[in-house]
Every structure is written in C-alpha cells, then in structure tokens.
Undergrad: 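I have a structure I would like to understand better, so I am pasting it below and will then ask my questions one at a time.
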Amino acid sequence: MVEVLDLRTRLRPYRAVLASRVRSQRSYRAGFALDLLSSLLIGLIELAEIWVLFHSVVEIGGLHFTQMLLVFGLAELCYSLADLSVGHCDTLPSYVRAGTLDVFYLRPQPLLLQLITSDISLRRLARVAVGLAALVTGLVLNDIAWNVSAVVLLALAVLSGYAMFAAMFVGAAGMQFFLLDGAEATNAFVYGGRYAATQPASVWGRPIVVVFGFFFPMAFTAFLPAMALLDLPGAEWMPSWLGWCAPLAAVWAWIVALLTWRWGVRHYQGGGG
Amino acid sequence: MRATTRVYWRLLVAGFRRQSRYRLAALGGLVANSTFGLLKVVILFATVRAGGGAVEGYDVGLMSAYVWISQGLLGSVNLSGRSEMAERVKSGDVAVDFLRPVDVQGAAIATEVGRSLFNLLPRGLPAVLIGALVVGMAMPTHPAPYLLGAVSLLLGIVVAGATVYLIAALGFWLVDTRGLQIFYLAVSGFLAGLFVPIPLFPAWLEALAHATPFPAMLQYPVDVITARVDLAASLGLVGAQLAWLLVIGGLGQLLTRAGRRHLEVQGG
Amino acid sequence: MEPIIQMTGLGRDFHVRERLRRRKVVAVDDLTVGVEPGEAVGYIGANGAGKSTTIKMLTGILVPTRGEVRTCGLHPVRERRRLARQVGVVFGQRSQLWWDLPVQESFRILAAVHALTGEAERARTGELVEQLEMADFLTTPVRQLSLGQRMRAEVAAALLHSPRLVILDEPTIGLDVLSKQRLREFLVAERRLHGTTLLLTTHDMGDVERLCDRVLVIDRGRLAYDGDLPGLSRTVGAERVLVVDLSEPVPDLLDVPGTRHLASEGHGLRQRLAFDAEATTAARVLADVSRRAEVRDLAVEEPDIEDVVRRIYAARR
C-alpha cells in the first residue's frame with residue numbers, strides 16, 4: 001500500500017502536466033475538430049497510397065491487398081499511438097531554442113520523462129482510428145487460425161510495435177542535440193521508418209533489410225508479426241517466426257534510443273547547444 | 001516595365017541567397033529525401049515486376065527516373081503548405097508589405113520561388129545523382145525534353161508557390177490558417193503524384209487529380225523531363241500549367257485586393 | 001557553516017566552428033568563489049563575460065571543463081534532481097510557465113512537480129500572490145500578461161517550492177521603473193523573512209545597489225572583483241562628485257585643489273566638482289570651497305556603477 005501511494009506521488013507531476021495539455025486542446029473546439037479531420041485525412045491517404053498500387057497488380061511481394069491491410073493496420077496503429085504520446089519529442093530543437101529544455105533541468109524529475117510527458121497530441125486519435133479500422137478489417141478478411149497463441153502474438157505485436165516507434169522518436173530527439181538546424185535528417189528514419197513498416201519486407205534488397213529490418217527494426221513492428229499470424233513464410237533473412245521476437249526488437253530499439261539520448265544530453269551539457 | 005521586372009528579380013535573388021544560409025538544413029533534407037527515394041524504389045519496382053515488367057507504361061527505368069526526380073523536387077515544390085507569407089499575415093506584419101510600392105502577391109511568390117530554386121542545388125541535383133548512381137534510371141537522349149522540362153519545372157515551382165500564397169491570403173479572414181496548411185499537406189503530395197504516379201490511379205481518381213492544380217506541380221514536370229509523353233503532349237502539359245498559373249494567380253490577386261480592403265476596414 | 005555555493009578553480013571552454021577551423025573560446029576561467037547562506041550577491045559583467053555560463057554550471061545544465069563546483073553541498077550534474085528541490089532560477093529571457101494556461105494553473109502544476117502538499121501549496125501560493133500583487137491576473141492566460149506581470153509570475157514560479165538559493169538571471173530586464181521597484185522590494189522581504197540566498201546577474205546597477213551586499217565582477221571569464229559596493233568604487237578610484245549650492249552666484253570654481261569642475265547651474269549658484277577619493281577628502285574640498293564662497297547646501301554623489309565596471313575593464317586591459 002505504501003508503495004502504491006509512493007508511485008502515485010511520483011506520477012503526480014507528469015499527470016498534472018498531461019491533464020493541462022488535454023484540457024487546453026479540448027478548449028479550442030472548432031480548431032480541434034479541424035485538426036482531427038486533417039489527421040483522419042492523412043491516415044486515409046496513407047492507406048490510399050497502398051491501395052492504388054493494387055489497382056494495377058494483384059500482389060506485391062507475394063501479398064494480396066487484404067494481407068497488406070493487416071501489415072498497414074498494425075504499423076499505422078502502433079505508429080500513430082507513439083506519435084500521439086511521444087511524437088512531440090522530435091521537435092526538440094524548438095524546445096532548445098525556446099529554453100524549455102533548460103527549464104526541465106531545474107525540475108526534480110528525469111529530463112527524458114519530462115520531455116515525453118510535456119505534451120500529447122489528441123488530434124492523432126483520428127489516425128489511431130484509421131490504423132485500428134485497417135487492422136480489424138485485415139484480421140476479419142484474412143484466414144487466421146484463431147487460438148490463444150494468435151491472440152498473444154497480436155497483443156505482443158501491438159505493444160512491441162508501439163514501443164519501437166516510441167523509441168524512434170526518442171532516438172531522433174537524442175540525435176537532434178547534434179543537428180539543431182538539420183533536424184530534418186532524423187525524418188529519414190522516423191518517417192522513413194514508418195513508411196518502411198507499412199511495406200511488405202519481402203520486396204526489400206539486403207541493404208534495406210539490414211537498415212530497416214534489423215538496425216531500425218521496422219520489419220518487426222508489422223510485417224513479421226503479420227506473416228506469423230497468417231502463417232506465411234516471411235522474407236529472405238527474415239523467416240516469419242521472427243514475428244515472435246518483436247519484444248526483443250523493442251528492447252533493442254530502446255537500448256539504441258536511450259544510448260542516443262544520453263549521448264545527446266552529454267553533448268548538450270558539453271555546450272553544443 | 002523594366003524597373004518592375006528588376007524589383008521582382010531582386011526579390012527572387014534575395015530569396016535564393018537567404019536559403020543558401022541553411023546548409024545543414026539542406027543536407028538534412030537530402031538525407032531524408034534519399035532514404036524515402038530508396039524505399040519508394042523498392043515498393044514501386046516490386047509493383048512493376050508484379051505487373052510483368054511494366055505498369056501503365058512505366059518500366060523500372062522510367063519508374064526510377066520518376067522516383068528520383070520527384071524526390072529531388074521535394075525541397076523546391078512547396079507541398080507543405082507553410083510559407084513566410086502565412087506567418088506575416090498571422091503576425092500582422094503584412095500591413096508593412098502593403099506600404100511598399102511592390103505588388104504584395106508578386107513579391108511573396110518571387111521570394112518563395114528564389115528559395116525554391118536554391119534548393120535545387122543542394123537537394124534536387126544530388127538526389128537525382130544518387131538515384132542515377134545507386135539505382136540507375138532511363139533518361140531521354142535528345143535535348144528537347146530537357147529544355148521544355150526546365151520550363152515545366154519552373155512553372156511547377158511557381159504554381160505551388162502561388163497556391164500556397166492563396167492559403168496564406170485566406171489568413172486575412174481566418175484566425176489561423178494552420179488547419180488549412182495541414183489539409184494542403186495531406187492532399188497535395190498524394191494528388192501531385194508524389195507517392196504513386198498518377199497514371200497508376202484508378203480512372204476516377206486520376207480524373208479527380210487532374211481537376212486539381214497538384215499534378216501541375218510535380219507529375220507534369222516529371223512527365224516532360226522524362227519524355228514519358230511525346231513532345232506534343234508535353235507542350236499540352238506546359239499549357240495546362242500555364243492555365244493553372246493564370247487561374248490561381250488571378251484568384252490570389254483578387255484575394256490580395258479584398259484582403260487589403262479588409263485590413264483597412266478592420267485595422268488588422 | 002557550509003557555503004551554499006563553492007566554486008574552486010572553475011573553468012569552461014567552448015569550441016566554436018569558424019568555417020572549417022575549430023577555435024577554443026574560454027568562457028569562464030579559474031573562478032574561485034564561496035557564497036555563504038543568506039548572502040545576496042550581485043554578479044555583474046559585460047555581455048559574453050561568462051555570467052550565464054557560470055549559472056548553467058551552478059545548476060547542472062553545463063558540465064565544467066575544469067575545477068569543481070558545489071551548489072547547496074551537491075554536485076550539480078550528478079545530483080541535479082536533488083539540487084532542483086533546493087534551488088529556484090528565474091531566467092529573464094525564458095519562461096517556465098505554460099503560455100496557454102492561466103497563471104494559477106501553472107502554479108498548480110509546479111506544485112505537483114515539486115511534490116508540495118496541499119496545505120503547503122495553499123500557504124505558499126497565498127503568500128506569493130499577496131506579496132507580488134498577482135491577485136488581479138491569476139486567471140489570465142500567461143500569453144496575455146504584460147511584461148511586468150509575467151516577470152512577477154515567473155519569480156513566483158521559481159520561488160514556489162521555497163528554495164534556499166534563488167538565482168535570477170536579468171530579472172528586471174525590460175521592466176518599467178515601478179515594476180522594477182516592486183520586484184526589488186519583494187526580494188528584500190523574501191530574504192528577510194526566509195533567509196534566502198540570492199545570486200543575481202543584471203545590467204541594472206539599481207538592482208545591485210538595492211539588493212546586494214556583495215558584488216562579483218567578471219571580465220572575460222575571470223573574476224575581476226569580489227567585495228562590497230563602496231569598496232568597488234574605491235578600488236577603481238572612481239571619482240565622487242561634490243555638489244554645492246552657494247548663497248550667491250560666483251564664477252566657475254576652477255582652482256579648487258584636487259578637483260575638476262564639471263558644471264555650473266543658475267549662473268554659478270549650483271556647482272559640481274569631481275574629486276578622486278584617494279587623493280583628497282570631501283571635507284578638504286568643502287573647506288577649500290567655503291574659503292571662496294558661502295555654502296548653503298551640499299551633496300556627495302557616489303560614482304555610477306556602470307562607469308565603475310567600465311573602469312575595471314579598462315584597468316585590466
């Protein structure tokens with residue numbers, strides 16, 4: 001009981017900040033509705049980009065559109081959840097310029113936790129909805145042998161996928177301590193990573209498998225779990241049983257992200273900012 | 001007349017110069033555009049192969065040229081919807097612009113085009129070069145497509161600049177145009193043919209795209225440079241770009257005048 | 001008692017990239033200063049002299065290149081979070097409030113951040129609101145505050161958790177005379193009431209004169225002076241000015257020994273004479289003037305502090 005109370009006290013600062021962010025976003029109703037709509041449109045257009053390809057051909061990388069829907073749905077759901085909760089981290093340069101980061105130093109909480117809980121983008125709920133709808137449709141339309149292990153696999157995939165994308169945002173923030181003016185470079189792996197995650201990894205060449213299959217483990221967010229769920233063979237170097245290893249990939253992503261963040265903070269304290 | 005031309009030329013050069021200071025930003029953009037280019041190549045090549053070597057006239061060589069030229073143009077063709085003009089309207093600084101003896105719309109677009117032209121150097125050419133070296137691409141062997149392509153490319157940049165100006169000008173009446181900018185960002189890339197070439201769209205969607213100015217910003221210039229369509233059709237595309245420029249530019253001129261009156265009445 | 005700030009041989013270099021070459025810039029060098037609890041210290045120097053760098057090292061934002069620093073007995077970088085509970089910092093140029101929220105909501109969040117109990121929060125907020133006269137704008141969003149109001153809210157935000165040490169970086173910059181006066185009075189009262197230690201950087205010498213009993217002058221990263229304010233004027237030999245009101249107009253007093261005639265008003269009814277406090281005394285100058293004319297009233301003006309700093313710099317170069 002004492003520990004529960006202690007945890008509540010410790011979470012109080014983060015809850016207070018987040019609650020105020022939620023309130024302030026809901027207070028501009030008209031603006032918020034438009035934001036939701038734009039966000040919905042972005043999600044739908046991202047889906048349309050895949051759909052139009054299947055207008056010309058029946059399968060890409062050995063996958064039909066319904067199977068791609070499963071890959072897209074998983075990737076989009078995990079990405080948009082991460083974007084909603086930690087997406088603001090990759091605007092670190094604006095935090096540095098406004099001096100917000102220096103203010104974080106003056107508060108008795110860890111810097112990274114303060115940064116992560118400093119904002120939340122509720123408008124991205126619309127994209128979460130697009131991802132969820134695509135995922136559910138994919139699950140219904142495909143022939144999946146539903147049993148306990150399939151449910152466990154799906155749950156692991158969503159949690160690990162979310163963790164991997166969140167790690168990407170944190171890693172990008174760490175990099176941006178070095179790249180204040182060239183922050184766009186981190187888009188290469190954050191947004192590039194999201195784009196890669198929605199692709200059938202079976203079309204990748206080996207260099208891309210190394211980069212977006214393993215180093216930034218984007219194939220583990222959606223493609224591999226989906227292949228395991230559909231009982232399909234996967235891709236070269238990436239057999240579908242690796243779909244079960246998504247949690248390991250998430251741990252790896254966080255190790256890289258935290259090291260990058262630490263490295264970035266050291267650089268900042270060293271006066272690179 | 002000559003004096004007027006010189007003013008806009010100066011503004012264009014100033015935009016070019018100002019952009020040249022953001023070298024690290026340009027490098028960051030190039031890294032991002034090239035990464036996306038490689039990912040676009042693999043999925044679109046796979047589509048071409050799934051279609052038996054060609055889809056809607058695109059073989060891998062033409063598809064590669066399409067991918068890398070469009071990635072290279074990303075830094076120059078404004079598909080983000082953001083502009084300096086939008087900021088100036090929001091902050092009220094635009095009132096100062098109206099005091100100058102220069103057309104506000106012309107000045108804003110000239111500066112924006114200067115900025116875009118600079119980006120062709122650190123972001124456009126290298127992206128195409130990377131694509132040519134790493135992936136390889138099919139390009140025309142005679143000069144006509146390149147000459148006409150340069151005109152088309154410039155027109156594409158100006159059409160995008162004029163459209164983004166239109167959004168900014170709506171800020172005279174709206175409190176905040178950020179929502180519109182995000183809307184523009186969402187639809188512009190897709191309908192301009194940034195992710196999938198428009199000829200691959202289903203017929204109804206392709207028709208819808210052609211009814212908007214977005215293909216004139218990206219798909220048309222790429223079609224002209226790569227000679228995907230013959231010379232006569234290329235001339236037709238350039239004509240379509242000119243028509244869009246006239247319509248959008250004229251609309252922008254009307255909005256600017258109305259906006260000025262609105263400012264005078266409302267006092268900003 | 002243990003000093004609240006102890007810097008020993010503290011130094012910090014930056015590497016600046018100039019085109020392709022990297023150049024080392026020494027921002028702070030060999031700083032050895034101790035500050036006792038309860039002191040009020042003015043930290044002054046020109047732009048780029050190293051003031052902000054020092055503050056960032058004191059609060060754990062920057063890692064020193066050499067030397068040691070202890071703030072509240074803690075290592076600022078390694079024990080940053082414990083230190084944050086005991087220090088309050090006001091950056092004149094950057095805000096720790098939430099710009100789209102009402103002032104009182106920012107206070108509520110900061111109370112949660114510093115884990116204040118409900119009772120402590122109410123008591124301290126009430127005290128600060130009253131003393132800084134913030135009741136009128138508590139429900140106003142921060143972005144709508146005037147500069148003076150915002151600065152008072154910033155100070156309150158930094159002091160909400162009753163820190164032992166308060167560091168103020170240019171707290172009065174851009175404020176009007178009345179707002180400055182109010183803020184200074186509050187800081188004097190806060191110090192008297194809670195024994196708070198103050199360290200402030202400023203360009204406004206009025207801040208130093210009204211608030212500080214000790215002055216540190218930093219020049220090109222190095223400590224140029226450490227002592228009280230009158231001592232500073234004496235050290236640099238700045239001239240004091242004797243202003244005399246005479247009973248009848250007399251010609252300009254150009255021949256008083258050890259003085260320089262500055263100006264006359266009212267055809268010589270009021271005259272201003274500058275003298276070097278090291279070479280002569282006010283009494284001797286007054287005696288010399290009395291021999292030439294009847295003195296009705298007099299005043300001695302202390303030297304302008306900005307001038308003093310300028311002289312320190314000139315003397316060191």
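Chain identifiers are assigned alphabetically (A, B, ...) following the order of the sequence lines, protein sequences preceding nucleic acid strands; residue numbering begins at 1 within each chain.
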Undergrad: Under 4.5 Å, counting heavy-atom pairs only, tell me which of Leu39(B), Val31(B), Leu27(B) racks up the most with chain A.
TA: Leu39(B)

Undergrad: Select, from Ala32(B), Pro202(B), Ala26(B), Gly51(B), the one with the greatest count of heavy-atom pairs under 4.5 Å involving chain A.
TA: Pro202(B)

Undergrad: Against chain B, label Val57(A) side chain, backbone, both or neither, depending on which of its atoms sit under 4.5 Å from a heavy atom there.
TA: side chain

Undergrad: For Val48(B), which residues count as a side-chain contact (heavy atoms from CB on, under 4.5 Å) partner, sequence neighbours excluded?
TA: Val60(B), Met63(B)

Undergrad: Taking 4.5 Å as the heavy-atom cut-off, does anything in residues 165-172 of chain A contact chain B, and if so which residues?
TA: none

Undergrad: Short of 3.5 Å, which donor-acceptor contacts do chain B and chain A share? List atoms and distances.
TA:
from	atom 1	to	atom 2	distance (Å)
Leu39(B)	O	Gln199(A)	NE2	2.9
Arg123(B)	NH2	Glu184(A)	OE2	3.4
Arg178(B)	NH2	Asp35(A)	OD1	3.3
Arg178(B)	NH2	Asp35(A)	OD2	3.0

Undergrad: So what's closer than 4.5 Å to chain B heavy atoms on Leu34(A): side chain, backbone, both or neither?
TA: side chain

Undergrad: Answer yes or no: are there more than 12 heavy-atom neighbours, outside Phe178(A) itself, under 6.0 Å from its atom CZ?
TA: yes

Undergrad: Do Val52(A) and Leu200(B) have side-chain heavy atoms sitting under 4.5 Å apart?
TA: no

Undergrad: Strictly by salt bridge (Lys or Arg N to Asp or Glu O under 4.0 Å), give each pair with a member in residues 186-204 of chain B just once, sequence neighbours left out.
TA: none

Undergrad: Any idea which of Leu185(B), Leu38(B), Val196(B) has the most non-hydrogen atom pairs under 4.5 angstrom with chain A?
TA: Val196(B)

Undergrad: Looking at every heavy atom in both Ile45(A) and Ala186(B), which two are closest together, and how far apart are they?
TA: CD1-O, 3.2 Å

Undergrad: Please test Ile182(B) against Ile42(A) for side chain to side chain contact (heavy atoms under 4.5 Å, CB included), starting from the C-alpha separation and ending with a verdict.
TA: CA-CA 9 Å; Ile182(B) 295 177; Ile42(A) 291 175; 4.1 Å; yes

Undergrad: Pick one of side chain, backbone, both or neither for Leu44(B), based on which atoms fall under 4.5 Å of a heavy atom in chain A.
TA: side chain

Undergrad: Show the nearest heavy-atom pair for residues Ile43(B) and Leu53(A), with the distance to one decimal.
TA: CG1-CD1, 3.8 Å

